[in-house]
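A short write-up of the structure that comes next.
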Amino acid sequence: MDVEGFARLRSAEGRGLLEALAEYRVADELAWATRLRREHAPELVAAALTQARLRQRARAKFGDDAARMFFTPNGVEQSTRAEVAAHRAARIADTGVTRAADLCCGIGGDALALARAGVRVVAVDIDPLTCAVARANADALGLAELVEVRCADVTGVELDGFDAAFLDPARRTARGRVFDPEAYSPPLSFLDELAARVPYGAAKVAPGIPHEVVPDGMAAEWVSYGGDVKEAVLWWGRGLADGLGRLRATLLPGGASLAADAARQAPDGPVGRYLYEPDGAVIRAHLVAEVAEEVGGTLVDPTIAYITADKLVSTPFATAYELTDVMPFNLKRLKALVRERGIGNLTVKKRGSAVEPEEVRKRVKPSGPGSATVFLTRVAGAPTMLVGQPAARDGLTQPAARYGRTQPAAPHDQTQPAAPHDQT
């Protein structure tokens, strides 16, 4: 769809089609298309059906707003989840910012979040269709007075008079996802220029960004939603990058946040009664040592981001499991254990193991009314299986039954040199 086609979609006829498609279901698309083409141009019907599909996909990110918004396929794929954008916008607004530039604005999700936080926004993108969609979204949500959309190259935008800037550089090309920050468009190095021109700001980057490329003077925040890591953000400016910890993990929707000025290596020790699996944002931010300290635990291996302890401590930053078995890696032995206990619901997790969970399930063939979680990992360097269940918390989960525990094949070596936490 081009800009002209999008304009037709926003006409009275197009709006009528979209209203008619409010109850659209993919399974009924052929029937919808056949009926609507009797009274409307095929091109307009096709555009409306595409928009109906995109709105359904976008509900996961934008909730009820999606029914009023407009999207492009790339816009749905690359836009920020509304709750994540709102978290970021609130941090910017809390500094007292009143006017911000949203650079590489896409369909306008972040501009809308900033406007809802009370900030006037100039949203900039180089693609004419994307700009048209961003304008339509600001209008659809009643935010047009706070959001101005400009079609331009973000590297040439005049920024005098702006308090803040938000940059969401393109991280995809025709070949697929880009991993080198200097291959972003604009590249990561553009941030130094941006920070020199605007006192406050943030840039959205890939969660896998190496810590060593974070520009000096900036803070990095990793954000998860419902346990899934959604993005990393680089911050600059008073109150955003200073005094809050250079490394930060934030867990949404609850908003729990953990920070430190530098990464530390947690001590390792023998496997205890409980296993803690840190949230992905905590692991990406290299803040596992802070969680280990909070729960009074140690790592099962100096290179693995699993924490073990003998006490159950409630923390938002990790999921706790009560272990029933600690065994050397042996799928035949696991199969026998699963069969003996009638485990049909077997969750397989791994960290530091080359074995794929699908292969484990295929070979173990779980069957029965019971449930368990098995962790394929390393303990003191030895391939190990840790079996357990989610630990009781607030009375919602029953404690796991206690079974005989078999120690790993290799003894724990306290003298083994520390290494970065395994992020696989």
Side-chain angles (χ1 to χ4, degrees), residues 211 222 224 227 229 245 247-249 251 256-329 347-354 372-393 397 399-400 402-424:
H211 284 220
W222 282 261
S224 67
V229 182
L247 304 175
R248 177 175 288 269
L251 284 53
S257 195
L258 186 67
D261 288 323
R264 295 188 291 129
Q265 174 67 29
D268 53 288
V271 178
R273 178 175 180 178
Y274 296 99
L275 184 77
Y276 293 83
E277 181 183 25
D279 184 272
V282 170
I283 296 173
R284 292 285 191 177
H286 295 183
L287 297 175
V288 174
E290 279 66 27
V291 178
E293 189 173 85
E294 178 183 353
V295 302
T298 57
L299 301 180
V300 299
D301 183 278
T303 66
I304 302 294
Y306 283 143
I307 300 166
T308 185
D310 284 323
K311 292 184 179 180
L312 180 61
V313 177
S314 179
T315 173
F317 303 110
T319 301
Y321 295 83
E322 185 173 10
L323 298 179
T324 57
D325 300 87
V326 181
M327 305 180 295
F329 179 81
T347 300
V348 182
K349 294 174 173 282
K350 72 164 192 167
R351 187 170 294 282
S353 172
T373 299
V374 59
F375 297 86
L376 309 179
T377 188
R378 295 192 300 270
V379 172
T384 304
M385 301 182 300
L386 307 176
V387 183
Q389 294 180 356
R393 180 178 294 179
T397 307
R402 302 299 295 167
Y403 298 102
R405 292 156 56 91
T406 306
Q407 291 303 310
H412 182 77
D413 182 1
Q414 294 280 1
T415 64
Q416 188 169 352
H421 300 141
D422 189 314
Q423 296 202 18
T424 57

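Below, each value reflects all heavy atoms present in this structure, side chains not excepted, and no hydrogens, waters or symmetry copies.
The shortest distance between side-chain heavy atoms of Val374 and Lys349 does not fall below 4.5 Å. Residues Phe317 and Val295 have side chains not in contact (no heavy-atom distance under 4.5 Å, counting atoms from C-beta outward). Contact check for Tyr321 versus Thr373: side-chain heavy atoms found under the 4.5 Å cut-off. In this structure, Gln265 and Leu299 have side chains that are in contact, with non-hydrogen atoms separated by less than 4.5 Å.
Judged purely by atom type and a 3.5 angstrom limit, Arg378 uses its side chain to pair as donor or acceptor with the backbone of Gly352. A donor-acceptor pair is defined here as one N or O able to donate and one able to accept, closer than 3.5 Å; no such pair exists between the side chain of Thr298 and the backbone of Pro267. For Asp301 (side chain) and Gly381 (main-chain N/O), a donor-acceptor pair under 3.5 Å exists by modelled atom type.
The two residues Leu287 and Ala249 make their nearest non-hydrogen contact at CD1-N, 3.8 Å. When all heavy atoms of Met327 and Thr384 are compared, the closest pair comes out as O-CG2, 3.2 Å. Ala305 approaches Val288 most closely through the heavy-atom pair CB-CG2, 4.0 Å. Across Arg284 and His211, no two heavy atoms sit closer than the pair O-NE2, 2.8 Å. In this structure, Ile283 and Pro278 approach most closely via the heavy-atom pair CD1-O, 3.7 Å. Across all non-hydrogen atoms, the minimal contact from Gly272 to Leu323 is O-CD1, 3.7 Å.
Rounded to the nearest 0.5 Å, atoms OG1 (Thr315) and CD (Glu290) are 11.5 Å apart. A distance of 8.0 Å separates CG of Asp261 from CG of Leu247, quoted to the nearest 0.5 Å. From Thr324, atom OG1 reaches atom CD of Gln389 across 7.0 Å, with rounding to the nearest 0.5 Å. To the nearest 0.5 Å, atom CG of residue Leu376 and atom CZ of residue Arg351 are 12.0 Å apart.
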For Lys350 and Thr377, run side chain to side chain contact (heavy atoms under 4.5 Å, CB included): C-alpha distance rounded to whole Å, both residues' side-chain angles, the deciding distance at 0.1 Å, then the answer. CA-CA 6 Å; Lys350 72 164 192 167; Thr377 188; over 6 Å; no
For side chain to side chain contact (heavy atoms under 4.5 Å, CB included), just list the numbers for Tyr276 and Val313, CA-CA rounded to whole Å, side-chain angles, deciding distance to a tenth of an Å, and then say yes or no. CA-CA 10 Å; Tyr276 293 83; Val313 177; 3.9 Å; yes
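Using a cutoff of 4.0 Å between basic side-chain nitrogens and carboxylate oxygens, Glu293 and Arg264 are scored as salt-bridged.
The aromatic rings of Tyr306 and Phe375 lie perpendicular to each other, with more than 60° between the two planes, well past the 30° mark.
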